[in-house]
Amino acid sequence: MAKPVEGAPQKTPAYAWPCLFASLFIAVTLVWAWQWMPGVTAGVATKWFLFNCPDIAGMFGFNPAELQGEALGAWFGQNLGRAIGTVMGQTMSLVPIGAIIMAFPTTFLVQKIGPKWASMIGVGLAIVATAICAVCSTSSWMGYQVGRFIFGLALACTIVSGPTCVSIWFPSSTRGRAMAIWSTWAPIGIFTVNMWGGNVLDLCGGNIVTLQWVWLVCLVVSAAIFFFVFREPRGEEVSEVSPERKRLRDVLVFFKSRQLWSLIILFAIFNYMNYGFSQYLKTWLAMDVASGGMGWDATMAGLVGGLLCACGILGPIGGMILDKLPRNQKWIAPLLGIISLTICCAVSFQANTPLFALYAIFFCIGNMFLNGCCRPMVPSYVFKGGATAVAFGLSFLTCGQYLGQIPTSYAFSAGTAMGMGYAEIMMMFFVPVGVVGIIFGLLMKPSKPKGDAAAPAGKPEEK
């Protein structure tokens with residue numbers, strides 16, 4: 001297997017870019033199949049399940065034959081919110097649980113069969129999961145949930161092996177922007193499914209089963225493109241991150257790093273803080289002023305909220321800045337990101353237009369740096385361990401991502417139960433956590449001007 005030439009400056013191979021976008025396309029299509037319910041609005045999807053899934057109808061005692069006209073409208077007025085919470089919660093919650101479980105096994109897949117075939121297993125699991133969900137949507141709610149859990153396993157395979165595929169192609173001079181481009185998979189997928197999901201459902205005649213088969217076809221197409229386009233680098237194409245698959249025990253030395261673990265914790269805190277906005281921002285924008293919201297109409301709230309929640313798409317700008325920073329100063333980029341996001345939390349959810357503008361600016365800056373810089377920094381710490389070490393590091397990062405998101409809803413629920421408004425919840429449960437994140441951002445600073453996490457095991461990566 002080809003290995004990088006030690007210390008030799010490298011240019012980005014032209015074929016690296018098709019490999020990057022083939023892997024990115026898989027990730028985006030997974031988001032469509034994952035986030036389709038919020039994308040078409042949970043209320044529309046829940047009503048469909050009530051009319052078409054006997055298990056859901058029985059769960060809520062819903063019998064449309066006995067509910068006509070005003071009685072049907074009254075039933076929805078009294079029960080739809082509860083039904084949406086249950087259906088939405090069960091549909092969305094099992095995916096991150098599956099992802100956490102599969103994050104570390106994906107490292108072993110990468111070590112045994114390489115990042116390409118680990119990615120293929122991921123998209124293959126997603127195809128199977130989507131088929132199970134489509135088949136069970138009108139027959140078995142339990143079967144449907146099994147499909148969603150399997151989809152979580154697929155998601156972990158993708159978000160660990162996908163960036164590993166990118167890292168073995170790009171040298172240090174362009175790896176930051178390349179992995180930052182890959183990191184836009186979720187913002188691109190969420191924004192597009194929110195923009196087009198309802199229209200695609202209309203083209204499917206309003207049938208959720210047909211809609212899921214459409215997502216399955218998209219997954220098959222992305223899998224075929226990736227299979228035929230992606231290959232491992234050869235000869236001089238090999239970057240500092242060798243595609244050589246070392247044994248896991250041989251790369252553990254690269255994880256004795258304060259900087260790397262500080263990055264992982266920082267990434268978990270970023271996801272904890274950021275997830276609150278993706279869940280509650282659009283609701284708050286449409287909430288009436290008397291209740292503490294901005295009082296916008298639902299269309300404007302959805303548009304502005306959707307655009308802001310998709311600002312992670314600015315990540316490549318952060319990646320380009322990361323590439324320009326000297327090796328021993330790259331830690332500054334995620335530090336600036338967590339500082340910006342903490343300021344954003346301090347001024348957010350206040351019905352004041354100037355403060356909202358300030359919030360939007362700091363929110364975008366925070367996402368630009370944190371979404372664009374955290375994943376690219378993993379190979380900069382463990383590059384000497386090759387593809388296995390990168391996958392292992394990304395597994396920890398993935399666990400941090402989903403473990404960080406899990407407590408967000410509980411924080412908002414606890415604050416609401418205590419009678420707090422959204423702004424008070426942010427000050428009580430999020431700003432202090434942001435300060436902790438800033439501390440870990442400072443801990444990423446190298447102990448010595450020329451030291452790095454890989455120093456004990458070999459020559460540091462040069463710019």
Side-chain angles (χ1 to χ4, degrees), residues 29-68 72 75-76 78-103 105 121-158 189 193 197-198 200-223 402 405-406 409:
T29 55
L30 257 73
V31 176
W32 294 342
W34 170 27
Q35 294 281 338
W36 69 265
M37 180 176 282
V40 304
T41 74
V44 170
T46 301
K47 285 184 177 180
W48 186 91
F49 277 114
L50 283 166
F51 280 102
N52 294 277
C53 181
D55 289 353
I56 293 296
M59 191 184 303
F60 295 98
F62 178 74
N63 188 346
E66 298 176 358
L67 297 168
Q68 302 294 330
L72 183 61
W75 190 95
F76 281 130
Q78 295 171 3
N79 298 282
L80 184 58
R82 182 168 60 96
I84 290 173
T86 299
V87 173
M88 177 80 160
Q90 292 185 12
T91 298
M92 302 304 291
S93 62
L94 282 173
V95 174
I97 292 173
I100 291 172
I101 291 173
M102 191 63 184
I121 287 176
V123 72
L125 285 171
I127 291 169
V128 171
T130 304
I132 291 173
C133 289
V135 169
C136 294
S137 293
T138 57
S139 58
S140 170
W141 187 243
M142 180 63 71
Y144 180 87
Q145 296 307 307
V146 170
R148 292 295 288 183
F149 174 77
I150 295 173
F151 197 92
L153 305 180
L155 194 65
C157 275
T158 302
V193 80
V200 176
L201 181 60
D202 290 340
L203 291 174
C204 296
N207 191 314
I208 296 295
V209 173
T210 306
L211 178 69
Q212 291 178 90
W213 288 117
V214 170
W215 302 139
L216 186 145
V217 170
C218 293
L219 289 166
V220 171
V221 171
S222 68
Y402 290 107
Q405 290 176 3
I406 288 172
S409 297

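Computed from a prediction, not measured in an experiment: that's the story for all the values here. Values reported hereafter were calculated over all heavy atoms of this structure, with side chains retained and with hydrogens, waters and symmetry mates removed.
In this structure the side chain of F51 never reaches within 4.5 angstrom of the side chain of I56, judged on heavy atoms. The side-chain heavy atoms of I406 and I100, taken from C-beta on, include a pair separated by under 4.5 Å. Counting heavy atoms from C-beta outward, D55 and Y144 have side chains that stay 4.5 Å or more apart. The shortest distance between side-chain heavy atoms of V193 and W215 falls below 4.5 Å. Residues Q90 and R148 have side chains not in contact (no heavy-atom distance under 4.5 Å, counting atoms from C-beta outward). Annotation: side chain of W48 is in contact with side chain of S137 (closest heavy-atom distance under 4.5 Å). Inter-residue side-chain proximity for L155 and Y402 is flagged as met; some heavy-atom pair is nearer than 4.5 Å. Annotation: side chain of T86 is in contact with side chain of M59 (closest heavy-atom distance under 4.5 Å).
Across all their heavy atoms, V40 and G198 have their closest contact at CG1-N, 4.0 Å. Nearest heavy-atom pair across V123 and A223 is CG1-CB, 3.6 Å. The two residues C157 and G122 make their nearest non-hydrogen contact at CB-CA, 3.4 Å. For the residue pair S222 and T29, the shortest heavy atom distance occurs at OG-OG1, 3.1 Å. Looking at every heavy atom in both residues, A126 comes nearest to A154 through N-CB, 3.4 Å. The two residues A57 and L50 make their nearest non-hydrogen contact at CB-O, 3.5 Å.
Residue N79 holds its CG atom at 12.5 Å from OG1 of T46, rounded to the nearest 0.5 Å. The distance from the CD atom of Q212 to the CE atom of M37 is 8.5 Å, given to the nearest 0.5 Å. Between S140 atom OG and Q145 atom CD the span is 9.5 Å, to the nearest 0.5 Å. Distance check, rounded to the nearest 0.5 Å: CD1 of I97 to CG of L153 gives 11.0 Å. Taking CG from L216 and SG from C133, the interatomic distance works out to 10.5 Å, rounded to the nearest 0.5 Å. In this structure, the separation between CG on N207 and CH2 on W213 is 12.0 Å, given to the nearest 0.5 Å.
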Open item on the list: Evaluate C136 against W141 for side chain to side chain contact (heavy atoms under 4.5 Å, CB included), listing each step before the verdict.
Closed with: CA-CA 7 Å; C136 294; W141 187 243; over 6 Å; no
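Separation of the F49 and F60 ring centroids does not fall under the 6.0 Å cut-off. Remark: aromatic rings of F151 and W34 are distant, center separation not under 6.0 Å.
Applying side chain to side chain contact (heavy atoms under 4.5 Å, CB included) to I208 and the options N52, T138, L201 leaves one that passes, L201.
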